[in-house]
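The basis for the numbers below is simple: all heavy atoms, side chains too, and nothing from hydrogens, waters or symmetry mates. If you're wondering where the values come from, they're calculated on a predicted model, not measured in any experiment.
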Amino acid sequence: MSTSQGSSAPVLGEFEFNRTVAALSREYKGIFADETIARFVTESLERWPAPKVRAHVEVLAYRFTRERLRALGQAEGTIAKEHPEVLFVCVHNAGRSQMAAGLLAKHARGKVHVRSAGSTPADEINDAVVQAMSEVDVDISAEYPKPLTDEFVRASDVVITMGCGDACPIFPGKRYLDWELDDPAGKTVEEVRPIRDELDRRVRALLAELVGDA
């Protein structure tokens with residue numbers, strides 16, 4: 001099976017597409033049918049902006065679809081939640097939400113599962129953000145902007161938005177927070193650091209609420 005995305009979406013050849021579906025089918029055997037997995041891979045490619053490096057499409061399509069399927073299983077109760085689920089959302093998923101996710105993952109040490117997404121994802125992470133995060137020993141250089149999906153929200157216990165307005169769907173039983181912070185887009189590393197440090201303060205406070213750790 002091949003995909004039929006528009007010119008701005010990433011494309012997988014038939015061999016790579018089938019290999020991705022097969023890998024996910026092995027991982028989610030007994031939870032999702034092959035047809036469901038194939039549909040999710042196709043939808044993921046259609047919704048996701050093409051990365052600048054063509055060779056990365058297959059591995060990123062696998063990672064994004066894998067996380068979507070995990071979220072769907074959690075939302076439907078077929079995959080158990082082992083830890084609190086937190087979702088950070090901003091417009092481009094290239095700055096604030098990536099920093100917050102990286103910081104929470106660092107401090108939580110596996111006690112919280114973290115996702116991030118964007119209402120209008122960019123095609124790469126902000127370079128100044130990557131550098132600022134490396135200064136606090138958080139490597140987000142391998143991360144990539146991801147589109148916001150319903151299953152990400154449905155699987156979350158806490159949804160934190162940062163400048164994306166009403167783009168995030170509302171589901172009952174979720175805790176929604178809106179953090180007002182400057183957008184790091186177009187800023188220097190020196191200008192990004194105060195945003196990072198404020199996110200770090202808020203993330204630590206959130207972690208203390210969720211698991212009693214800071």
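Within the 4.5 Å cutoff, no side-chain heavy atoms of Lys146 are placed close to those of Arg68. Inter-residue side-chain proximity for Leu103 and Met133 is flagged as met; some heavy-atom pair is nearer than 4.5 Å. Side-chain contact between Pro145 and Ile125 is present, with heavy atoms from C-beta onward closer than 4.5 Å. Taking 4.5 Å as the limit, some side-chain heavy atom of Asp200 sits within range of a side-chain heavy atom of Arg204. Side-chain atoms of Leu72 and Arg154, non-hydrogen and from C-beta on, do get closer than 4.5 Å to each other. A 4.5 Å side-chain heavy-atom check between Leu45 and Leu12 finds at least one atom pair inside the cut-off. With contacts defined as side-chain heavy-atom distances shorter than 4.5 Å, the pair Pro84/Val158 does not qualify. Within the 4.5 Å cutoff, no side-chain heavy atoms of Val112 are placed close to those of Leu206.
Interatomic distance, CG of Leu199 versus CG of Leu181, reported as 5.0 Å (0.5 Å rounding). Thr120 OG1 to His92 NE2: the interatomic distance, rounded to the nearest 0.5 Å, is 6.5 Å. Rounding to the nearest 0.5 angstrom, the gap separating the CG atom in Asp157 from the CZ atom in Arg175 is 10.5 Å. Here the straight-line distance linking atom OG of Ser25 with atom CD of Glu35 works out to 8.5 Å at 0.5 Å rounding. To the nearest 0.5 Å, the span separating OG on Ser156 from NZ on Lys81 amounts to 7.0 Å. One finds the CZ atom of Arg39 at 10.0 Å from the CZ atom of Phe32 (value rounded to the nearest 0.5 Å).
By the 30° and 60° cut-offs, the orientation of the rings of Trp179 relative to Phe88 is tilted.
Under the 4.5 Å side-chain contact rule for hydrophobic residues, Met99 and Val189 do not share a cluster. Note: the hydrophobic cluster containing Leu148 does not contain Val91 (ILVMFWY, side chain heavy atoms under 4.5 Å, direct or indirect links). The hydrophobic clustering, which links ILVMFWY residues whose side-chain heavy atoms are closer than 4.5 Å, places Leu60 and Ile37 together. In terms of hydrophobic clustering, with Ile, Leu, Val, Met, Phe, Trp and Tyr side chains grouped at heavy-atom distances under 4.5 Å, Phe152 and Val89 are assigned to a common cluster.
Using a 4.0 Å cut-off between a side-chain N of Lys or Arg and a carboxylate O of Asp or Glu, Arg96 and Asp183 qualify as a salt bridge. Between Asp182 and Lys187 no salt bridge is recorded (no basic side-chain N to carboxylate O distance below 4.0 Å). Remark: Glu198 engages Arg202 in a salt bridge, criterion side-chain N to carboxylate O under 4.0 Å.
Side chain of Tyr144 to backbone of Phe64: a donor-acceptor contact under 3.5 angstrom is found. In this structure a side-chain-to-backbone donor-acceptor pair under 3.5 Å is missing from Tyr176 to Thr161. One N or O on the side chain of His83 and one on the backbone of Gly110 form a donor-acceptor pair closer than 3.5 Å. Between the side chain of Gln131 and the backbone N or O of Asn126, no donor-acceptor pair lies under 3.5 Å.
The shortest non-hydrogen separation linking Val114 to Ala105 is CG2-N, 4.0 Å. Nearest approach of Cys90 to Ser97, heavy atoms of both residues: SG-OG, 2.9 Å. The two atoms that bring Ala94 and Ala122 nearest to each other are CB-CB, 4.1 Å, heavy atoms only. The two residues Val192 and Ala132 come nearest to each other via the heavy atoms CG1-CB, 3.7 Å. A pairwise comparison of heavy atoms in Lys174 and Val153 identifies CE-O, 3.5 Å as the closest pair.
Applying the salt bridge (charged side-chain N to carboxylate O under 4.0 Å, His left out) definition to pairs two or more places apart or across chains, those involving residues 126-136 are Glu135-Arg193, Glu135-Arg196. Screening residues 84-94 for salt bridge (charged side-chain N to carboxylate O under 4.0 Å, His left out) gives Arg70-Glu85, Glu85-Arg115 as the qualifying pairs, with residues at least two apart or on separate chains.
Within a 6.0 Å sphere centred on CD of Glu180, other residues, nucleotides and ligands contribute 12 heavy atoms or fewer.
A donor-acceptor pair shorter than 3.5 Å cannot be found between the side chains of Arg47 and Thr149.
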